[in-house]
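Heads up: the structure comes next, in structure tokens.
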Amino acid sequence: MPELPEVETTRRKIEPLLKGRVIERIEHDAPHKYRNTEAAHGKRIKALTRRGKYLLLQLASADAEGDVPHELELIVHLGMTGGFRLEQGKHTRVTLHTDDGVLHFDDSRRFGKWAVVDPGEYASMPTLAAMGPEPLEEAFTEAAFVKAAATCGAVKVWLLSQKPVSGVGNIYADESLWLARIHPAQTKLNPAEAGRLYHAIREVMQGAVNAGGSSLGNGVGNYRQHDGLSGLFQHQHHAYGRENQPCERCGTEIRKIVLGQRGTHFCPQCQKLRE
DNA sequence: AACTTACCCTGAAAGC
DNA sequence: TGCTTTCAGGGTAAGT
């Protein structure tokens, strides 16, 4: 499932295909999921950025002579199974026609969403509007994180809210908590715990970005890069998807529970719930 | 305001 | 074998 590292990998891969191109047409048959896309027709893609798990395509008038170019933002969320492909497939939901070719958006489970909005107008996407700082940027500070964590509820649910930090999803929440040796249901982290978690999140996210994200093909998710290549970070998972396998630190079997309606993997020995 | 729950959606896997 | 049920989960809205 695409989290920050997978979305960032996607951004880097499609940037050379789309930057500077003019969108001729965005073709789909689900206006409820891909909103206002006709507003992007005829616009030039100036830049491709990312915020948390959202891709943001900055659009400007294709006509450089225009005195007041109307700038727009094309927001793409990959959902659970969304991704770009060079070839049309069985689950192609959107086709992006540019002056240089086509790119297809595949999304078997249809959780992905697109929308064209005025720049920064995220009222229709409350999670994006309330997004916390990027984990790999300076705005994500240990001091603020430690302070906020002191009053948090179940720490994994809190992380998944995207408010303390952006881009952390189910896989990287489990991995970060394993690395920091904190129980996923722990509330009100003390400063030592919160400090460990802060550094764990940065380490896990940086490692995953460097590896090109995680690819899971066995029914857990189907993230792939647009050219069909896999990321490699799944080989570095220590908790996620390792139910009943020995913890690589202590040998205790990894347990799986449900927390916040998400499968949650942790080591009951290394990650004890503290009262 | 913060937390909990249901829902969206479909393919793979498990169950029968 | 083939049908039915369960499971996976990011984000959103409604309910508490």
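So that the names make sense, note that chain A is the first sequence line, chain B the second, and so on, each numbered from 1. This one's a predicted model, so the numbers in the text were calculated from it and none came from an experiment.
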Report the nucleotide, chosen from [options], that has the shortest atom-to-atom distance to any side-chain atom of [X].
X         : options                   : result
Arg110(A) : dG11(C), dT10(B), dG11(B) : dT10(B)
Arg109(A) : dT12(C), dA8(C), dG10(C)  : dA8(C)
His77(A)  : dG11(B), dT12(C), dG11(C) : dG11(C)

Whole angstroms only, please: what is the [atom1]-[atom2] distance between [X] and [N]?
X         : N       : atom1 : atom2 : result
Lys113(A) : dT12(C) : NZ    : P     : 6 Å
Asp174(A) : dG10(C) : CG    : C1'   : 15 Å
Lys156(A) : dC3(B)  : NZ    : P     : 17 Å
Ile171(A) : dG9(C)  : CD1   : C1'   : 10 Å
Asn170(A) : dC7(C)  : CG    : P     : 16 Å
Tyr34(A)  : dC8(B)  : OH    : C1'   : 12 Å
Leu160(A) : dT5(B)  : CG    : C1'   : 16 Å
Asp107(A) : dG11(B) : CG    : P     : 11 Å

Quick test of the criterion, 5.5 Å between centres and less than 30° between planes. Is Phe111(A) stacked on dG10(C) or not?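 Yes, Phe111(A) stacks on the base of dG10(C).
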Over all strands shown, is [X] touching base, sugar-phosphate only, or nothing at heavy-atom distances under 4.0 angstrom?
X         : value
Gly260(A) : nothing
Lys256(A) : sugar-phosphate
Gln162(A) : sugar-phosphate

Would you say a side-chain N or O of [X] is under 4.0 Å from OP1 or OP2 of [N]?
X         : N       : value
Tyr240(A) : dG9(C)  : yes
Arg262(A) : dG10(C) : yes
Lys33(A)  : dG11(C) : no
Lys53(A)  : dG11(C) : yes

Specify whether Tyr198(A) and Phe145(A) have parallel, tilted or perpendicular ring planes, treating 30° as the upper limit for parallel and 60° as the lower limit for perpendicular. tilted
Drop me the distance from Leu17(A)'s CG to Phe84(A)'s CZ, to the nearest 0.5 angstrom. 10.0 Å
Distance in Å, Gln271(A) CD paired with His183(A) NE2, rounded so as to fall on 0.5 Å steps: 7.5 Å
Test: Arg51(A) and Glu134(A) ion pair at under 4.0 Å: yes
Let me know, please, whether Thr151(A) or Gln261(A) comes out on the 5' side of the other along DNA chain B by nearest nucleotide. Thr151(A)
Would you mind telling me which residue lines up with the more 5' stretch of DNA chain B, Arg93(A) or Trp158(A), judged by nearest nucleotide? Trp158(A)
Looking only at the side chains, is there a donor atom on one of Gln88(A) and Thr95(A) sitting less than 3.5 Å from an acceptor on the other?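 No, no side-chain donor-acceptor contact under 3.5 Å.
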Answer yes or no: does atom CG of Asn244(A) have more than 12 heavy-atom neighbours from other residues, nucleotides or ligands under 6.0 Å? yes
